[in-house]
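In this text the structure is predicted, and so the values were computed from the model without any measurement.
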Amino acid sequence: MKDAPPLEGDRFGTAPAPRESTHLVGHEEAQAMVRTAWDAGRLPHALLIGGAEGIGKATLAYAIARFVLSGGAAPAHSLAVDPTHPAARQVAALSHPDLMVLRRTPNDTGKLPSMIPAEQVRRVRSFFGSTAALGGWRVCVVDTLDEMNAQGANALLKTLEEPPNRALFLLVSHAPGRLLPTIRSRCRMVPLRALAEGQVVEVLEGLSAHMPGLDRSRFTEAAEASGGSVREALTLMEGDGLAVRNATRVLLDALPHVDPKSLHALGEKLTGDRGGAFQSFVGTVEGWISDHATGRRQTASVRLARLPEVWEKVRRAAVDADVYNLDRKTLVFRIFASLNEALRP
């Protein structure tokens with residue numbers, strides 16, 4: 001089976017896929033919940049693992065899959081299966097006969113579909129309708145539910161409503177609140193928090209063996225700016241990501257008195273292919289808006305009422321700029337103009 005694109009490009013090297021990552025950092029509470037339920041013989045048939053992107057949701061899902069498909073072959077109070085165990089090797093290779101993975105994969109032309117095909121989801125019913133090949137559990141990992149349309153979600157729901165014995169769904173979602181209530185109600189919620197800065201650094205250290213282009217001297221700064229997301233840290237470390245973040249924050253904190261020359265300079269940094277610079281700019285603006293809208297951060301000049309509307313404008317403008325390759329400098333001025341408008345009395 002073909003894999004989805006790697007976490008980062010050839011500039012850094014290729015990060016191991018979540019199914020290949022045997023060292024899970026953080027999320028001790030979630031791991032303990034699963035192990036306790038397993039030891040008590042009360043493992044739920046469906047776990048909905050939710051949280052921000054890049055914090056290890058899929059890595060946890062595959063860790064649980066390895067543990068369950070190995071028959072619980074891990075030390076007490078742990079999910080850590082020996083990487084040499086046959087189940088661990090089969091999960092890493094996606095060759096375990098009792099494992100089904102639903103995810104977007106490149107088609108015959110090499111293009112990645114925007115959604116998990118519904119026909120792929122419909123195979124779940126027959127997968128769980130057959131006897132487990134090795135006589136144990138059958139596990140289905142969905143990475144992610146956010147990439148499943150209504151047709152696919154309804155097809156999945158049919159099996160969730162009447163799960164067979166020793167069947168386990170591991171459902172990953174970046175935004176569980178947006179999922180169908182009927183799906184959420186049939187799952188045990190496993191909310192994951194963002195990683196601590198030290199944990200992000202720990203993951204980056206582990207990735208450096210596979211991604212030799214990573215600059216270790218920037219790990220701490222990237223972790224501090226990542227919001228607890230390894231994916232965000234890697235994005236910031238690519239190209240001008242960190243420099244753009246810092247410049248954007250200075251301009252945001254100066255609102256409504258922004259120097260046009262500085263906006264021009266920021267727009268120049270975003271022009272052309274500069275790795276994670278564009279994503280860094282958009283993420284920094286969205287984070288600034290979110291911090292003020294939720295009260296995590298406040299400055300005297302910021303008025304909250306219009307910020308949600310501006311957040312939507314930023315997202316739409318960013319998507320349009322990315323899809324249609326629009327001028328980045330124009331985008332910068334548009335976004336700051338919207339922010340200025342929102343801050344008016």
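Between the side chain of S229 and the backbone N or O of E53 there is at least one donor-acceptor pair closer than 3.5 Å. Side-chain atoms of S185 come within 3.5 Å of backbone atoms of T182 as a donor-acceptor pair (strictly under, hydrogens ignored). Not one N or O on the side chain of R138 forms a donor-acceptor pair closer than 3.5 Å with the backbone of M100. No donor-acceptor pair closer than 3.5 Å links the side chain of D143 to the backbone N or O of A58. Between the side chain of N107 and the backbone N or O of K111 there is at least one donor-acceptor pair closer than 3.5 Å. Side chain of S226 to main chain of A233: no donor-acceptor pair is present (N/O by atom type, distance under 3.5 Å, no hydrogens or angles). Checked by atom type and distance alone, the side chain of R184 pairs as donor or acceptor with a backbone atom of G177 at under 3.5 Å. Not one N or O on the side chain of R328 forms a donor-acceptor pair closer than 3.5 Å with the backbone of G267. Listed for the H27 side chain is a donor-acceptor partner under 3.5 Å among the backbone atoms of I55. In this structure a side-chain-to-backbone donor-acceptor pair under 3.5 Å is missing from E221 to R218.
Scanning all heavy atoms of the two residues, the minimum distance from M148 to I116 falls at CE-CD1, 4.2 Å. Heavy-atom minimum distance, K57 versus I49: CD-O, 3.7 Å. For the residue pair G72 and W38, the shortest heavy atom distance occurs at N-CZ2, 3.7 Å. Residue L24 comes nearest to A63 through the heavy atom pair CD2-CB, 4.4 Å, listed as atom of the first residue, atom of the second, then distance.
The aromatic rings of H45 and F169 stand perpendicular to each other, their planes meeting at an angle above 60°, with 30° marking the opposite boundary.
To the nearest 0.5 Å, atom CG of residue L263 and atom CZ of residue F333 are 4.5 Å apart. The distance from atom OG of S173 to atom CG of L192, rounded to the nearest 0.5 Å, is 11.0 Å.
Taken together through direct or relayed side-chain contacts under 4.5 Å among Ile, Leu, Val, Met, Phe, Trp and Tyr, I335 and L255 form part of one hydrophobic cluster. Put simply, L270 and V258 are part of the same group of oily side chains (I, L, V, M, F, W, Y) that touch within less than 4.5 Å, one to the next.
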> Is there a salt bridge (charged side-chain N to carboxylate O under 4.0 Å, His left out) between E147 and R103 once you walk through the steps?
Replying inline: CA-CA 8 Å; E147 298 168 341; R103 57 179 183 157; over 6 Å; no
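Judged by the 6.0 Å distance and 45° axis criteria, R35 is not positioned over the aromatic ring of F67.
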